[in-house]
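Have a look at the structure below before the remarks.
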Amino acid sequence: MIWRETLAGIVSGTLYIVATPIGNLEDLSPRAARILAEVGLIACEDTRQTRKLLEHLGLRRPLVSFHEHNEKERCEHLLERLEEGVSVALVSDAGTPTISDPGYRLVRQAIARGVAVTAIPGPNAAVTALCASGLPTDAFYFGGFFPAKRNQRVQQLKELKDLPATLIFYESPHRILASLEDVAQVLGERPVVVARELTKVHEEFLRGSAASIRQMLEQRPAVRGEMTVLIAKAGPVAEPAARIPSDPSAALERYLAQGMSRMQALKAVAKDHGLSKRELYRFLEKTSRRQ
Ligand code: SAM
């Protein structure tokens, strides 16, 4: 079946959930760009942020703010416009709307009122992190943001302890050390990956145990950037990929910058990631050949 949109442009009175980049503007799909150009109204979290994206696309479109603090009132306004036949795109500041972002209420109410809802797929930090993490992808559990309070976080981790799935959480840089401490305490030595600044210039994947990644981050002058935390399910994860840092040279450079000799830095990187020096040499050799 050919979707109506391809024959007659966008469909009036339809709510489009449009995914936008999580860092790299090239990740906006041509279809998403066309929908943003053609809808009657764009509902967005932060109008300044979305205006920047539209400027990048050379577009000027009517915007209406739609965020967690005005979601309730704005729903009614948007539903009325949709019922009048206006097509509306919902975007968030980054990634897929409704995923740890506002929009769920609007989608529910639109469906209840017979308004057509469709999603334009695109960037999402959880799935992007998972597919490059080296952790099992056959089953995964997405928990959104870790709870902000320690006792709730610990409780949640205890409940998820035996789930046979890779666990994925969003976390802010100012809470990451506390959360990794709880992961180490409740889940022990499982392989963990922290995916930082995905799709951006300083993208990195920190791999190791929760405790070793915590230690790596703690040694930095500042913990910054957007982070997604992935935790292997209980039981062995045999693949060595789960233990190898994707950018060991960055880790090496950080130790060298702290004044360590090359030999000391190599030892430290190998230890952080549970690798023998030989494994690390081999990995470094391979990556330098690729560059
Ligand atoms: N709706 C978005 C999505 O589809 O991924 C998520 C929005 S949520 C408010 C923002 C959180 O997602 C960040 O605090 C971080 O945990 C994660 N995140 C967003 N962009 C990221 C990136 N480039 N690298 C790593 N994590 C990211």
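As the structure lists them, so they are numbered: ligands from 1, and atoms in each ligand from 1.
Ionic pairing of E203 and R196 is not present here: no N-O contact between side-chain nitrogen and carboxylate oxygen is shorter than 4.0 angstrom. Checked for salt-bridge contact, E55 and R60 miss the test: no charged N lies under 4.0 Å from a carboxylate O. We find that E197 and R224 are not joined by a salt bridge, their nearest charged nitrogen and carboxylate oxygen being 4.0 Å or further apart. A salt bridge links R113 and E76; the closest N-O separation between the charged side-chain nitrogens and carboxylate oxygens is under 4.0 Å.
Both the backbone and the side chain of N124 come within contact range of ligand 1, each with a heavy atom under 4.0 Å. Residue-level proximity to ligand 1 for A94 is carried by the backbone, the only part with a heavy atom below 4.0 angstrom.
Atoms of ligand 1 lying under 4.0 Å from any heavy atom of D101, numbered from 1 in the order shown and given with element: 1 (N), 2 (C), 7 (C), 9 (C). Interface atoms of ligand 1 facing F145, defined by a heavy-atom separation under 4.0 Å, are 8 (S), 9 (C), 10 (C), 11 (C), 14 (O). Residue K200 approaches ligand 1 through these ligand atoms, each under 4.0 Å from one of its heavy atoms: 23 (N). With ligand atoms numbered from 1 in the order given, ligand 1 contributes 25 (C) to contacts under 4.0 Å with heavy atoms of A195. Counting the atoms of ligand 1 from 1 in the order shown, those under 4.0 Å from a heavy atom of G95 are 3 (C), 4 (O).
Residue contacts with ligand 1: I22 is placed with a nitrogen or oxygen under 3.5 Å of a nitrogen or oxygen of the ligand (distance criterion only). Residue contacts with ligand 1: E171 is placed with a nitrogen or oxygen under 3.5 Å of a nitrogen or oxygen of the ligand (distance criterion only). Taking distance alone, with nitrogen or oxygen atoms compared against 3.5 Å, T228 approaches ligand 1 more closely than that limit.
Nearest non-hydrogen protein atom to atom 16 (O) of ligand 1 is M227 O, 2.5 Å. The closest protein non-hydrogen atom to atom 13 (C) of ligand 1 is E226 OE1, 3.4 Å. In terms of protein heavy atoms, atom 24 (N) of ligand 1 is closest to L198 N, 2.9 Å. Shortest contact from atom 18 (N) of ligand 1 to any protein heavy atom: A125 CB, 3.5 Å.
Looking at every heavy atom in both residues, P21 comes nearest to P123 through CA-CG, 3.7 Å.
For D46 and S65, the side-chain atoms include no donor-acceptor pair closer than 3.5 Å. Under 3.5 Å, the side chains of T199 and N24 contain no donor-acceptor pair of N or O atoms. Between the side chains of E159 and Q155, at least one donor-acceptor pair of N or O atoms lies under 3.5 Å.
Taking the six-membered ring for Trp and thresholds of 30 and 60 degrees, Y170 and F142 have ring planes more than 60 degrees apart, a perpendicular arrangement.
Exactly one residue among R220, Q215, R214 makes a side chain to side chain donor-acceptor pair (under 3.5 Å) with E218. That residue is R214.
Here atom 12 (O) of ligand 1 lies nearest to Y170 when heavy atoms of F146, F142, Y170 are compared.
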